[in-house]
Amino acid sequence: MTPDWRPSPNFGARKDGATPELIVLHYTAMESCDAACRTLCNPDNEVSAHYLIRKDGQVIQMVDERARAWHAGAGTWQGRGDVNSRSIGIELSNTGFTPFSAPLFDNLELLLRGIMTRWEIPASAVIAHSDFAPGRKIDPGRRFDWQRLARQGLAIWPAQLEPADADLAHFTSAAIAFGYPEDVDPETLLESFRLRFNPAAEGPVTTRDVAMAEALAREFGIDRTAAGA
């Protein structure tokens with residue numbers, strides 16, 4: 001895949017010698033991809049991403065992968081901040097209220113395979129903007145098909161669910177052990193988790209919410225002390 005280059009001036013050096021270890025997926029929340037591209041390339045806006053994918057599948061690159069794009073903002077994942085320095089950001093042309101187009105998704109998969117190979121990024125490190133910024137961000141939202149990516153080894157999905165009680169404290173503990181931020185109230189954390197893993201759920205925490213969070217923590221959680229949290 002050869003992306004179209006539309007350079008953005010909104011980037012800098014990755015801090016403390018960091019290299020990409022995460023891939024963050026966003027949606028533009030705009031009707032027009034061209035308008036999103038102008039926004040991401042406008043120096044007055046101080047925002048950018050490494051890539052933008054149009055609904056027709058065209059891939060636009062705005063920042064070199066080795067540089068630090070300004071797409072993540074505040075938040076932490078698995079006990080660590082400065083997500084911009086540790087990630088590659090991909091914007092998807094979508095309002096957040098409609099399905100993602102087939103050409104867009106096809107080329108997202110191709111792009112992910114290349115990035116993950118170049119930087120040795122595992123499927124567990126492909127995350128949503130909403131994952132590390134609960135309550136502040138909701139993209140790529142409930143319409144995004146994470147299970148499709150997981151089936152191809154391009155993201156993860158909880159497997160081997162075990163019986164669980166519908167207990168909010170148990171859910172919160174497991175979600176944090178998986179990687180979600182600690183400084184978020186439990187209801188906001190649940191809402192963010194459901195955006196990605198249980199989008200049809202509403203109301204109080206369910207046994208499925210807890211079982212999914214616990215499965216993710218068992219398989220993909222990290223030692224936060226070792227991570228420097």
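The shown structure was predicted, so the numbers you read here are calculated from the model rather than taken from an experiment.
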So, the side chain of R66 versus the backbone of T19: is there a donor-acceptor pair under 3.5 Å, distance only?
no
Could you note down all residue pairs passing salt bridge (Lys or Arg N to Asp or Glu O under 4.0 Å) where residues 142-156 supplies at least one of them, sequence neighbours left out?
D106-R148, E109-R148
Taking distance alone, no hydrogens or angles, what donor-acceptor pairs closer than 3.5 Å link side-chain atoms of residues 195-205 to residues at least two apart or in another chain?
residue: R196; atom: NH1; partner: D131; partner atom: OD2; Å: 2.6
residue: R196; atom: NH2; partner: V126; partner atom: O; Å: 3.4
residue: N198; atom: ND2; partner: D209; partner atom: OD1; Å: 2.7

Using the side chain to side chain donor-acceptor pair (under 3.5 Å) criterion, which residues pair with T95? Sequence neighbours excluded.
none
With sequence neighbours excluded, residues passing ring pair (Phe, Tyr, Trp, His ring centres under 6.0 Å) with W119:
none
Using salt bridge (Lys or Arg N to Asp or Glu O under 4.0 Å) as the criterion, list what pairs up with D4, not counting sequence neighbours.
none
Please set out all donor-acceptor pairs under 3.5 angstrom arising from side-chain atoms of residues 158-168, sequence neighbours excluded.
residue: D167; atom: OD1; partner: A169; partner atom: N; Å: 2.9
residue: D167; atom: OD1; partner: H170; partner atom: N; Å: 2.8

By side chain to side chain donor-acceptor pair (under 3.5 Å), D56 pairs with (sequence neighbours left out) none
Sequence neighbours left out, what passes salt bridge (Lys or Arg N to Asp or Glu O under 4.0 Å) with E21? Give chain and number order.
R80, R86
Partners meeting side chain to side chain donor-acceptor pair (under 3.5 Å) with E219 (sequence neighbours left out):
none
Please list, chain by chain and in numerical order, all residues satisfying side-chain contact (heavy atoms from CB on, under 4.5 Å) with D139, sequence neighbours excluded.
H26, Y27, H129, K137
For R118, the salt bridge (Lys or Arg N to Asp or Glu O under 4.0 Å) test, sequence neighbours excluded, returns E65
R113 meets the side chain to side chain donor-acceptor pair (under 3.5 Å) criterion, sequence neighbours left out, with Q152
